[in-house]
Novice: 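Sharing a structure here in structure tokens format.
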Protein chains: 2
Amino acid sequence: MNNKKQPSLPRQSSFGWLIAVLGNDLATSLDSHLKGIGLSLNLWPTLFALWEEDGLTQSELTERCNTAHYTTTRLLDTLEKMALVERRPHPTSRRAHLVFLTEQGKALEQKATQLAKDCNAEFLSALPASEQDELNKLLLKVIAGRNSDLISK
Amino acid sequence: MNNKKQPSLPRQSSFGWLIAVLGNDLATSLDSHLKGIGLSLNLWPTLFALWEEDGLTQSELTERCNTAHYTTTRLLDTLEKMALVERRPHPTSRRAHLVFLTEQGKALEQKATQLAKDCNAEFLSALPASEQDELNKLLLKVIAGRNSDLISK
DNA sequence: TATTGTTATACTCTATAACTATA
DNA sequence: TATAGTTATAGAGTATAACAATA
């Protein structure tokens, strides 16, 4: 009665499908790990970017996190309430702020990134070290190629 | 004034970060391609599964698509309104339905999967064919390892 | 007139749980 | 009592656009 056939594009051989399944699985996993230290996945990109460099304006942060400007506003409100971040006046512009991590926000980096590393390691554990490196390298190459595409347009 | 430093986990070397960036980018791209044929990304997993095999119950479909049962109900309502899918009575159970593609739904497969293939190819174009294969193989291995992890727990 | 950031509002998505009808 | 499926409803997340302050 039902119709099982050779599909013209099997899901398991579709790059996009594999990335989507994996991304979803990784996000769920990291989110539940982050709950353990009072964080959640939606705060993650912002914190991650600030651990790399703080003292940014909201616009710079928005760009690095690939979020919308109004999202950044609200994420920072949340992070300020949690005392992980503070907005300080911009030295030369009175309409811009600079966003800094508080001591508490800085102190969280070790614990939080360790969670992310564990999470990554867990997912990659099916691969030997050499293949893990290879996979990261290939992914970076795809992303880099994608960005240069955008520039050339 | 601002603080740029060596982070304990640079984003570009984090597997999860790479997958998330790529997944987001792929999803946006495929979604905009799908709009061109009247579809959208949220309908995609269901259709994709049905092109592989139709005549499934909603429960089976829910499982294969990794969605919630109430989501499946509404997606199928939408797909029925679009005349791509139909619910037929189950031969032995009066509470279950079997979900079938209509002729129109079947006819869409070629065009739709071609879009997905193009989209995948565009993203993978930075890699030579041998590396594309390698990448798919590694991703499959990670996903397979992940699933066997779940089983062993 | 453009930019930085905030807010109001509407819309979509998702989650919880109650419900019907079966089995 | 459990299962298949639907629906109501609440909450979160996202998008549009209007707004104030500043450049």
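All chains are named by letter (A, B, ...) in the order of the sequence lines, taking the proteins before the strands, and each is independently numbered beginning at 1.
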Novice: What is the distance from CD of A:E60 to C1' of C:dG5, rounded to the nearest Å?
Specialist: 14 Å
Novice: For residues A:T72 and A:T46, determine if any side-chain heavy atom of one lies less than 4.5 Å from a side-chain heavy atom of the other.
Specialist: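 When only atoms from C-beta onward are counted, A:T46 and A:T72 do not touch, as no gap falls below 4.5 Å.
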Novice: Give me the residues of residues 27-45 of chain B where at least one heavy atom lies under 4.0 Å from an atom of DNA chain C, by number, or none.
Specialist: none
Novice: For nucleotides 16-23 of chain D, read 5' to 3', which letter fits each nucleotide if B means a protein heavy atom sits under 4.0 Å from the base, S means only the sugar-phosphate is that close, and - means neither?
Specialist: B-----BS
Novice: Find the distance B:L56:CG to D:dA4:P and express it as a whole number of Å.
Specialist: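 So the two atoms are 14 Å apart, to the nearest Å.
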Novice: Do B:T113 and A:S8 have a side chain donor and acceptor closer than 3.5 Å?
Specialist: yes
Novice: Take the protein atom CZ of A:R88 and the nucleotide atom P of C:dG5, then report the distance between them rounded to whole Å.
Specialist: 15 Å
Novice: When all nucleic acid strands are considered with a 4.0 Å heavy-atom cut-off, which category describes A:T73: base, sugar-phosphate, or nothing?
Specialist: base
Novice: Distance check: side-chain N/O of A:Q58 vs OP1/OP2 of C:dT6, anything under 4.0 Å?
Specialist: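 Yes, such a contact exists.
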Novice: For A:E80 and C:dG5, what is the distance between atoms CD and C1' respectively, to the nearest whole Å?
Specialist: 13 Å
Novice: Starting from B:I143, can I reach A:L124 by hopping between I/L/V/M/F/W/Y residues whose side chains sit under 4.5 Å apart?
Specialist: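 Shared cluster, yes.
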Novice: Tell me what B:H97 touches on the nucleic acid: a base, only sugar-phosphate, or nothing, going by heavy atoms under 4.0 Å.
Specialist: sugar-phosphate
Novice: Does A:S59 place a side-chain N or O at less than 4.0 Å from the phosphate oxygens OP1/OP2 of C:dG5?
Specialist: yes
Novice: Would you mind checking if B:E122 and A:R146 are paired as a salt bridge, meaning a charged N to carboxylate O distance below 4.0 Å?
Specialist: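 B:E122 and A:R146: salt-bridged.
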Novice: Are B:L115 and B:L41 linked, directly or through intermediate hydrophobic residues, by side-chain heavy-atom contacts shorter than 4.5 Å (ILVMFWY only)?
Specialist: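 They do share one cluster, since a chain of ILVMFWY contacts under 4.5 Å joins B:L41 to B:L115.
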Novice: Let me know the distance between CG of B:L98 and P of D:dA4, rounded to the nearest Å.
Specialist: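 The distance from CG of B:L98 to P of D:dA4 comes to 13 Å, rounded to the nearest Å.
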Novice: I need the CG-P distance between A:L75 and C:dT6, as an integer number of Å.
Specialist: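 A:L75 atom CG is separated from C:dT6 atom P by 12 Å.
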Novice: Going by atom types only, do A:D118 and A:Q114 share a side-chain donor-acceptor pair under 3.5 Å?
Specialist: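 Short answer, yes.
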Novice: Residues two or more places apart in sequence or in another chain: which of them pass ring-ring contact (aromatic ring centres under 6.0 Å, His included) with A:W17?
Specialist: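 With neighbours one apart ignored, the set is B:F48.
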Novice: Pairing donors with acceptors under 3.5 angstrom, does anything connect the side chains of B:S14 and A:N120?
Specialist: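 Yes.
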Novice: Does B:K141 pair with A:E131 as a salt bridge, N-O distance under 4.0 Å?
Specialist: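 Yes, charged N to carboxylate O under 4.0 Å.
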Novice: Can you check the A:L61 CG to C:dG5 C1' distance for me, whole Å?
Specialist: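 Taking atom C1' of C:dG5 as the reference, CG of A:L61 is at 13 Å.
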Novice: Between P on D:dA15 and CG on A:N66, what's the gap in Å once rounded to a whole number?
Specialist: 12 Å
